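A short write-up of the structure that comes next.
Both backbone and side-chain heavy atoms feed into the values below; hydrogens, waters and symmetry mates do not. Nothing here was measured: the structure is a model prediction, and the numbers come from that model. Chain A is the first sequence line, chain B the second, and so forth, proteins listed ahead of strands; every chain is numbered from 1.
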Amino acid sequence: MKLNSRKKKRSRVLQTTRKIGELIVNYFSKAWDVKTQDKPVAWITVFTPVELLYALDVYPIAPEHFGALCSARGTILDYLKEAEKEGYSQDLCSYSRCCLGYALSGLNGPMPAPDMLVTFRNACDVYVKWWQSLHIHLGTPMFIGEAPYVLTYDDLNNYVLDYVVKQLEQLIELTQNKFGVKLDMEKLVNAVNLSDKASELWLQTLKLRRVRPCPLGGRDSASDIFPLVVMQGTEEAVEFYDELLAEVRDRVKRKEGVIEKEEFRLMFDGIWLWHAFDIIKYFEDKGAVFVHEPYSEAWAFRLDSSKPLESIARKVLSMGLNTDIDLRMEKFADTIEDYHIDGAILFSNRSCKSWSAPQLVTAETLNNQLNIPYLMFEGDMADPRQYSEAQVKGRIDAFMEMLSES
Amino acid sequence: MYLGIDTGASATKAVIVDRRGEIASQAIVPSGVNFKVSSEMAAKKALDAVRLDLEDMLYVVSTGYGKALVNSTSKSSEIACISRGVYRLIPSARTIIDVGGQDSKAIRISKDGKVLNFVMNDKCAAGTGRFLEIMSNTLQRPIEELSMLHFKAKKPVKMSSTCTVFAESEVVSQMSQGIKIEDVIAGLHEAIAERIYTMASRIGFEQDVAFTGGVSKNKGFVDALRKKICLSPVLPEEPQIVCAFGAALLAMKKHKEKP
Ligand code: SF4
C-alpha cells in the first residue's frame with residue numbers, strides 16, 4: 001500500500017492584483033493627510049455617493065472595507081470583542097461590530113476619526129442602527145438617507161428616483177453648511193466620469209472570464225474590486241483597471257488560465273470569507289476556478305456625467321441588495337450559460353441576512369430550472385469564530401467529487 | 001481485499017471487502033481523541049478477524065472527520081462513501097438520510113448511484129447523535145434504554161428548542177415537573193426528527209428512502225423520523241458501517257481503475 005499525496009496544482013495571481021496592497025496603504029495614508037490638513041473625513045457605507053463627497057472636498061472612508069481588511073489580516077478579534085463587551089450581540093453583522101469596536105477602543109488605527117457619518121439604507125437595515133450607534137458613541141454629525149427597495153425598473157426613473165435626488169441635495173446642503181465648503185461642479189463631473197470609466201473597464205475585464213481557460217480567478221477578483229469599493233471617482237482607480245484589463249487581455253491572447261488544467265468552472269455567490277481566503281486556492285488545487293461572482297459585478301455602475309445627481313441617485317438605488325430578487329434573477333440563466341458554469345458555491349453568511357435570505361431563490365433556480373449543482377455552506381465573512389474549516393472543506397471535497405462524477 | 005475506514009466523530013469503523021465487494025469483516029471502535037490510534041485499532045480488529053495484515057490490502061480508502069490522519073491510499077468524502085455503500089445494499093434507494101455523531105446529511109442519488117445533491121447540518125449539534133448523547137447524560141439513562149422507552153410514550157412533550165443547551169435545561173425542568181421520562185424522550189426524538197426533516201426537505205424525498213449512520217440504530221428516533229416524513233424507510237442491516245463499507249467499495253473501484 002502506497003501513500004498517495006495529491007500534488008498541488010500551480011495557480012497564478014495576476015501581476016496587477018499584487019498592486020492592491022500598495023493602493024490600500026496609500027488610501028489610508030491619504031486619509032491621514034487630509035485629517036492633518038484639517039479637512040473633513042466622512043465615514044461612509046460602501047454604496048454611498050463618494051463622487052459628491054469628493055466634489056465637496058470631503059474624504060470618504062468605508063469601515064466595511066476596514067472590517068474585511070482586519071479579518072484578512074487576522075486582527076479583527078480584538079475589535080469584535082471590544083464591541084461585544086459593550087453589549088453588541090454576536091448575531092450582528094461582523095463589519096458593524098468591528099467598526100464599533102474600533103470606535104470604542106479609541107480609534108487607534110488606520111481610519112482617522114470621522115467628522116461626518118454618511119449612509120444610505122440600501123444594502124441593509126444594519127447600516128441605520130450601526131450609524132446611529134456610531135453617532136451616539138462618537139457624537140459625530142450624521143446623515144442617513146433612505147433608498148426605497150427597487151421593485152421594478154420604473155423606480156429608477158419615477159418619483160422614487162426623485163426622492164433620492166432630493167436627499168442628495170439635502171446632503172450637499174448639510175455638508176456645505178457644516179464645513180463651510182461649496183460643491184465644485186467641475187470636480188463632480190470629473191469624479192462621475194472617473195467612476196464611470198473605472199466601472200466600464202472592470203465590466204470589460206469581467207466579461208473576459210467567459211473565455212476558457214479563465215484568465216482571472218477568485219483570488220484576483222476578490223482583491224481587484226477594492227478600487228471600485230472605496231476609490232471610485234479617482235484617477236488611481238482608472239489607472240488600476242486600465243492596467244488590469246491590459247494584463248487580462250494579454251492572458252487571453254496567450255491562452256493562459258488561472259490554473260494549469262481548468263476542469264471545472266464555478267460561480268461563487270456571497271461575500272468572500274476574508275479570514276479563510278485560502279478556500280479559493282483549495283478549489284483551484286482541485287482543478288476548479290471561479291469564473292463569476294455577483295459580488296464582483298456589484299460594484300460597477302455606469303454613470304452619466306451630463307446628469308450627475310440623477311445618475312448617482314440611480315446608483316444608490318439600484319445596488320444589488322436593494323433590488324428585488326426577481327429582477328436580479330432575470331439574467332441569471334444567461335449568465336450561467338455565458339460563463340459556462342458547471343457548479344455554484346453559495347456562501348450563506350451569518351452576518352449578512354440581506355445576502356443570505358435570497359439565496360434560497362438562487363438555489364431553487366439552480367436546482368430546478370438550470371440543473372446546475374450547487375453547494376451551500378454557512379460561515380461568516382469576517383468573524384473567524386463562526387466558521388468551521390474542517391467541516392466546510394469536507395463539504396467541498398464531497399461537492400467536487402460529485403462534480404467530477406457527473 | 002480492500003479496506004475502508006470511516007473515522008466518525010464518535011466511532012471509527014473499518015470494513016474489509018473481498019474482490020466481489022462482499023463484506024469479509026467489520027469492526028467498530030470508539031474514536032476517542034486520536035483518530036490515528038482509533039483508525040489503526042479498527043483496522044487491526046477487522047484484519048485480525050480474517051487473519052490478514054495491512055499489507056494484504058490492495059487499496060485503502062479513508063473517510064470521515066479524521067480522514068487526513070489515517071494512513072490510506074486515498075481519501076474520499078463521506079457523501080461519496082455513504083452513497084456507494086447504500087447503492088450496493090439498497091439499489092432502489094434515491095434518498096439517504098444519514099445521522100451520525102456530529103453530522104447529519106441528506107443525499108439524493110440517481111438510479112445508477114451517482115450523487116445528485118446533498119445537504120448537511122450546519123455546525124451545531126442539534127439534529128445529530130451528539131444531541132442524544134448529551135440528553136442521555138442529562139437523563140442519566142443509556143441511549144439504548146432511551147430508544148426503547150420511546151415506545152411507551154403516551155403524550156410526547158413538545159420541545160420548544162432544538163438548541164442543545166436550551167433543550168438540556170428544558171428537559172431538566174420537565175423532569176422536575178413530573179412529566180414522564182418516556183414522554184420527554186419521545187419529545188426529544190421528535191425534535192431531532194423535525195430538525196432533520198427540515199434540512200432534508202431542501203433536497204426533497206424521493207422513494208426509497210434509506211436511513212444510515214449510527215443514530216439509525218436507535219429505534220425510537222427511526223420511529224419519530226418515519227412518522228415525520230410519512231414514508232417507510234429502508235434500513236440496512238448495520239446502518240453504522242455503511243460509510244466504511246462504501247469506502248471499501250471505492251477502494252476496490254479505485255484499485256481496478258489504477259493505470
Ligand atoms: S455585510 Fe450585509 S449586513 Fe453587513 S453591512 Fe454589508 S450588507 Fe449590511
Discussion item. Nearest 0.5 Å, please: how far is CD in A:Glu401 from CD in B:Glu78?
Written reply: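 It is 10.5 Å, given to the nearest 0.5 Å.
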
Practice prompt. Report the distance from atom OG of B:Ser77 to atom CE of A:Met402, rounding to the nearest 0.5 Å.
Written response: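 Separation between the atoms: 10.0 Å.
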
Please indicate whether [X] has more than 12 foreign heavy atoms, meaning atoms of other residues, nucleotides or ligands, lying under 6.0 Å from its [atom1].
X        : atom1 : result
B:Arg19  : CZ    : no
A:Glu337 : CD    : no
B:Lys44  : NZ    : no
A:Lys353 : NZ    : yes
A:Asn371 : CG    : no

Ignoring hydrogens, what is the shortest heavy-atom contact between [X] and [Y]? Give both atom names and the distance.
X        : Y        : value
B:Lys67  : A:Asp397 : NZ-OD2, 3.4 Å
A:Ala398 : B:Ile79  : CB-CG1, 3.4 Å
A:Gln391 : B:Asp103 : NE2-OD1, 3.4 Å

Practice prompt. Examine whether an atom of A:Leu375 lies under 4.5 Å from a heavy atom of chain B, and if so say whether it belongs to the side chain, the backbone or both; otherwise answer neither.
Written response: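 A:Leu375 touches chain B through side-chain heavy atoms alone.
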
Worksheet entry | Which atoms of A:Glu405 approach chain B - backbone, side chain, both or neither, heavy atom under 4.5 Å |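 Its backbone and side chain both get close to chain B.
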
Discussion item. Going by ring-ring contact (aromatic ring centres under 6.0 Å, His included), name the residues that satisfy it together with B:Tyr2, two or more places apart in sequence or in a different chain.
Written reply: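 B:Tyr2 satisfies ring-ring contact (aromatic ring centres under 6.0 Å, His included) with B:His255 only.
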
So which part of [X] gets closer than 4.5 Å to some heavy atom of chain A, the side chain, the backbone, both or neither?
X        : result
B:Thr63  : neither
B:Ile203 : neither
B:Lys105 : neither

Practice prompt. Measure the shortest side-chain to side-chain distance between A:Phe377 and B:Met120 over non-hydrogen atoms and say whether it is less than 4.5 angstrom.
Written response: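 They are not in side-chain contact.
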
